[in-house]
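Some notes on the structure that comes next.
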Amino acid sequence: MKKANSQQTKVHNRLLILKTIYENATISRAGIARVTGLTRATVSDATADLIRDGLVAEVGIGSSAGGKPPILLSLVNDARYLIGIDLAESEFRGAVIDLRGRIIHRLNLGVDGRDGDTALGLVYELVDQLIPLAEGPVLGIGIGTPGLINARQRIVRNAVNLDWHNLPLGDLLDERYRIPVHIANDSQAAALAEFTFGNSKDNSNLIVINIGRGTGSGIVLNRQLYYGDSFGAGEFGHVTIVENGEICRCGHRGCLETVTSSQAIVRGARAIAGNDRNSLLNRFVSSPDDIDIDVVSLAFEAGDEAVLSLIAGVGRYLGFAAANLVGILNVNRIVLAGRVARFGPALVEPIKREILRRSLPGLADEMAVEISTLGPDIVILGAAALLLDRELGLP
Ligand SMILES: [Zn+2]
């Protein structure tokens, strides 16, 4: 029993020391002892271990505070590679990523209507091609996927677009590749990316609203991704926001997703173009059916009034839903991500306004609503951050 405890302490100290090195560009052993409160001997032993494993290296000599100048340690950014995968859009996106979230290689494969087993085959194809691209040991595979996930059992409980129901994705990948595999919902992965690699590193609490083919959110509370009791925390895309509204792919009517997702925006734009032949939208396509989210962006940038008002409406609906989240959680930072975040201030302003109008006066005075700087890679990076967190206890 005593032995198990000392082993646990050793593992804990090693994680704490690695984390301290990760958080600093360079740091001396004495510096680590000061920050962590561990003894010099413990720090020495653990850093020797980390150097042997290749995760840490001695990189130079620091300035002396009187005595012998200290040796500086640093993380070896490419000591391990992370495979990050995003299954949320119309192409499966994957990348080989270093320990600092730098994308070294990337690969996208078009889904082209594949679902069920053929979609699973495409995941294998993506991983098969990515692993050989890593120029060193691979720490594992992280996956951000749409739908309801059991992150502990690594099962996709339900992903409607991919026609996956109770798919044991984690076990399947485990058997095939024999390396650690972790899975999260795509919006939860996005929140983890923003917290780990984005501009929200210093925020203990954070909500990322992720709007692409679906609408969802991920919630970081007290510096931890919050999963909820059945791993569905943040799934506010299927909260009813329009009574008797349009039917949603989940089977209910008037979900937030039916009025805010990229598909909802495209539907709205097609209706605008169909009703008004002079709409700017029609300049970019020969038929309203050809309008996609990129065409909507072009008309938006050209200042089409009807499109501007369509996007403002999306922002308003997101603001209604965000106000509820803010009212319940009192989180002061919201970050928008996903393909729809490209509309920037046209979404941020109505969201802020609705939060202020619909929550307790004073509660949201310090509210910041921003667009993520991680762009279209956010879910891939989140999948990698999931691996870092689970396998190395970072950040
Ligand atoms: Zn729904």
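In each ligand, atom 1 is the first atom listed, and ligand 1 is the first ligand listed.
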Of all residues at least two apart in sequence or in a different chain, which pass the salt bridge (charged side-chain N to carboxylate O under 4.0 Å, His left out) check with E301?
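Here no residue qualifies.
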
Residue and atom, protein N/O/S, under 2.8 Å of the Zn ion (ligand 1):
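Less than 2.8 Å away from the Zn ion (ligand 1) sit H238 ND1, C248 SG, C250 SG, C255 SG.
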
Are E246 and R267 ion-paired here, with the side-chain N under 4.0 Å from a carboxylate O?
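Yes, charged N to carboxylate O under 4.0 Å.
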
Are the side chains of L133 and I131 in touch, meaning some heavy atoms are under 4.5 Å apart?
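The answer is no; the side chains never approach within 4.5 Å.
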
Looking at residues at least two apart in the chain, or sitting in another chain, which of them share a ring pair (Phe, Tyr, Trp, His ring centres under 6.0 Å) with F284?
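For F284 there are no ring pair (Phe, Tyr, Trp, His ring centres under 6.0 Å) partners, ignoring immediate neighbours.
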
Tell me, please, which residues at least two apart from F300 pass ring pair (Phe, Tyr, Trp, His ring centres under 6.0 Å).
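Residues passing ring pair (Phe, Tyr, Trp, His ring centres under 6.0 Å) with F300: F343.
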
Which heavy-atom pair separates A273 from N282 by the least distance, and what is that distance?
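Nearest pair, atom of A273 first, then N282: O-ND2, 3.1 Å.
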
